[in-house]
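Note sheet for the following structure.
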Amino acid sequence: MEQIQKAAFYIRDYYFERVTLDINNKPNGDELSVSFQTSGEFNKQNNSFNLRFRVDVGENFVSIICVGQFIFENANDITEIPDFFYVNSVALLFPYVRAYISLITTQANTRGVILPTFNLSGLGEELRRNTTEVE
């Protein structure tokens with residue numbers, strides 16, 4: 001029987017650093033523009049990675065910055081972060097952001113916004129480029 005290996009990383013925590021909802025800017029149609037920005041900081045002292053994930057919906061309608069803290073089991077340097085982390089970490093945070101956008105738009109007594117699922121694999125390279133190392 002094969003032994004199951006531990007994941008190379010796991011999410012320790014996440015929080016919403018900034019949330020903006022302006023009902024006056026809610027688009028009239030069903031089509032909403034959605035944009036994403038990612039950046040990260042790898043802390044080699046404690047093998048942690050803070051991923052900052054920004055999602056903007058519509059033009060100044062909803063803007064959320066979610067920060068997720070990931071812990072690495074076996075990466076002591078930024079060069080040891082596995083390639084699959086950059087894509088998968090964003091994909092792990094997105095369901096929380098998606099649900100939160102739905103919640104706040106519904107609770108604001110407006111028609112709730114339910115974002116579709118997205119293929120976020122293109123954000124992996126952006127995250128890699130926008131990652132710095134801190135001590």
Side-chain angles (χ1 to χ4, degrees):
M1 178 176 230
E2 271 187 61
Q3 188 174 21
I4 298 175
Q5 290 185 324
K6 284 180 116 176
F9 67 92
Y10 64 92
I11 187 167
R12 172 184 274 167
D13 198 11
Y14 73 94
Y15 61 92
F16 295 97
E17 182 178 77
R18 192 185 86 193
V19 178
T20 305
L21 170 66
D22 188 345
I23 295 175
N24 295 320
N25 287 326
K26 182 166 184 182
N28 291 329
D30 288 337
E31 291 291 317
L32 290 175
S33 63
V34 181
S35 63
F36 306 101
Q37 293 177 346
T38 60
S39 63
E41 285 186 350
F42 179 70
N43 185 324
K44 45 195 273 191
Q45 295 276 11
N46 59 9
N47 296 350
S48 68
F49 189 101
N50 285 336
L51 166 60
R52 182 166 276 105
F53 183 33
R54 179 179 175 152
V55 179
D56 294 306
V57 179
E59 187 141 341
N60 300 316
F61 174 48
V62 176
S63 180
I64 290 183
I65 298 175
C66 181
V67 177
Q69 183 183 45
F70 294 84
I71 303 298
F72 287 92
E73 299 288 333
N74 51 8
N76 300 312
D77 186 83
I78 196 168
T79 60
E80 296 176 354
I81 295 174
D83 291 336
F84 62 85
F85 169 78
Y86 293 101
V87 173
N88 290 332
S89 60
V90 175
L92 286 170
L93 273 187
F94 182 66
Y96 299 108
V97 173
R98 183 175 181 253
Y100 195 70
I101 289 172
S102 177
L103 176 72
I104 65 169
T105 55
T106 302
Q107 292 297 313
N109 203 23
T110 184
R111 190 170 135 224
V113 172
I114 300 174
L115 295 179
T117 56
F118 289 98
N119 179 350
L120 301 174
S121 61
L123 295 175
E125 192 52 43
E126 176 187 319
L127 178 57
R128 183 192 312 275
R129 281 192 317 271
N130 295 331
T131 293
T132 58
E133 188 172 51
V134 295
E135 293 193 37

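Predicted model only: the values in this text are computed from it and were never measured. Computation of the quantities below employed the complete heavy-atom set of this structure, encompassing side-chain atoms and omitting hydrogens, waters and symmetry-equivalent molecules.
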**Message:** So Tyr86 and Leu123, do their side chains get closer than 4.5 Å, heavy atoms only?
**Reply:** no
**Request:** Could you pull out all residues at least two apart from Asp56 that satisfy side chain to side chain donor-acceptor pair (under 3.5 Å)?
**Result:** Arg54, Ser63
**Asked** Under 6.0 Å between the ring centres of Tyr100 and Phe16?
**Response** yes
**Request:** Would you sort out whether Val113 and Leu115 count as a side chain to side chain contact (heavy atoms under 4.5 Å, CB included), showing the intermediate values?
**Result:** CA-CA 6 Å; Val113 172; Leu115 295 179; 4.0 Å; yes
**Sequence neighbours excluded, every pair satisfying salt bridge (charged side-chain N to carboxylate O under 4.0 Å, His left out) that has a member inside residues 11-23** = Glu17-Arg52
**Item:** Distance (rounded to the nearest 0.5 Å) between Ile11 CD1 and Asn88 CG
**Value:** 12.0 Å
**Message:** Is it the case that the ring center of Phe72 lies less than 6.0 angstrom away from the ring center of Phe85?
**Reply:** yes
**Fill in**
The side chain to side chain donor-acceptor pair (under 3.5 Å) partners of Asn28 (sequence neighbours excluded) come to none
**Asked** Who pairs with Asn46 by side chain to side chain donor-acceptor pair (under 3.5 Å), at least two apart in sequence or on another chain?
**Response** Ser48
**Request:** Treating Ile, Leu, Val, Met, Phe, Trp and Tyr as nodes and any side-chain heavy-atom pair under 4.5 angstrom as an edge, say whether Ile101 and Phe118 lie in one connected cluster.
**Result:** yes
**Prompt:** OG1 of Thr131 to CD1 of Ile81: how many Å apart, nearest 0.5 Å?
**Reply:** 6.5 Å
**Complete:** The side chain to side chain contact (heavy atoms under 4.5 Å, CB included) partners of Asn76 (sequence neighbours excluded) come to Asn47, Glu80
**Prompt:** Can you find a heavy atom in the side chain of Val90 that is under 4.5 Å from one in the side chain of Phe53?
**Reply:** yes
**Closest heavy-atom pair and its distance - Leu21, Ala108** = CD2-CB, 3.6 Å
**Message:** Show me the pairs that pass salt bridge (charged side-chain N to carboxylate O under 4.0 Å, His left out) and involve residues 107-121, at least two apart or across chains.
**Reply:** Asp30-Arg111
**Request:** For atom CD of Glu59, decide whether the heavy atoms of other residues, nucleotides or ligands shown that lie under 6.0 angstrom number more than 12.
**Result:** no
**Gap between atom CZ of Phe49 and atom CD1 of Ile71 - 0.5 Å precision** = 11.5 Å
Check: residues 35-43 side-chain donor-acceptor pairs under 3.5 Å, at least two apart:
{"from": "Thr38", "atom 1": "OG1", "to": "Glu126", "atom 2": "OE2", "distance (Å)": "3.3"}
{"from": "Thr38", "atom 1": "OG1", "to": "Leu127", "atom 2": "N", "distance (Å)": "3.3"}
{"from": "Asn43", "atom 1": "OD1", "to": "Gln45", "atom 2": "N", "distance (Å)": "2.8"}

**Message:** Do Ile114 and Ile64 sit in one hydrophobic cluster, given that two such residues count as connected whenever their side-chain heavy atoms are within less than 4.5 Å of each other, even indirectly?
**Reply:** no
**Message:** Going by salt bridge (charged side-chain N to carboxylate O under 4.0 Å, His left out), name the residues that satisfy it together with Asp83, two or more places apart in sequence or in a different chain.
**Reply:** Arg128
**Message:** Tell me if the CG atom of Leu103 is crowded by more than 12 foreign heavy atoms within 6.0 Å.
**Reply:** yes
**Message:** Nearest 0.5 angstrom please: Asn50 CG to Ser89 OG, how far?
**Reply:** 11.5 Å
**Asked** Taking only residues two or more places apart in sequence, or in another chain, which ones meet Thr106 in a side chain to side chain contact (heavy atoms under 4.5 Å, CB included)?
**Response** Ser102
**Fill in**
For Pro27, the side chain to side chain contact (heavy atoms under 4.5 Å, CB included) test, sequence neighbours excluded, returns Leu32, Phe61
**Message:** Going by side chain to side chain contact (heavy atoms under 4.5 Å, CB included), name the residues that satisfy it together with Tyr96, two or more places apart in sequence or in a different chain.
**Reply:** Tyr14, Leu93
**Request:** Tell me, with the steps shown, if Lys26 and Thr110 meet side chain to side chain contact (heavy atoms under 4.5 Å, CB included).
**Result:** CA-CA 9 Å; Lys26 182 166 184 182; Thr110 184; 3.6 Å; yes
**Request:** Sorted by first residue and then second, give each salt bridge (charged side-chain N to carboxylate O under 4.0 Å, His left out) pair with at least one member in residues 92-107; sequence neighbours left out.
**Result:** none
**Request:** Report yes if some heavy atom in the side chain of Val87 is under 4.5 Å from a heavy atom in the side chain of Leu120; otherwise report no.
**Result:** no
**same_hphob_cluster(Val134, Leu51) at 4.5 Å side-chain heavy-atom cutoff** = no
**Fill in**
Closest non-hydrogen atoms of Asn119 and Ser121, given as atom of the first, atom of the second and distance, are OD1-OG, 2.8 Å
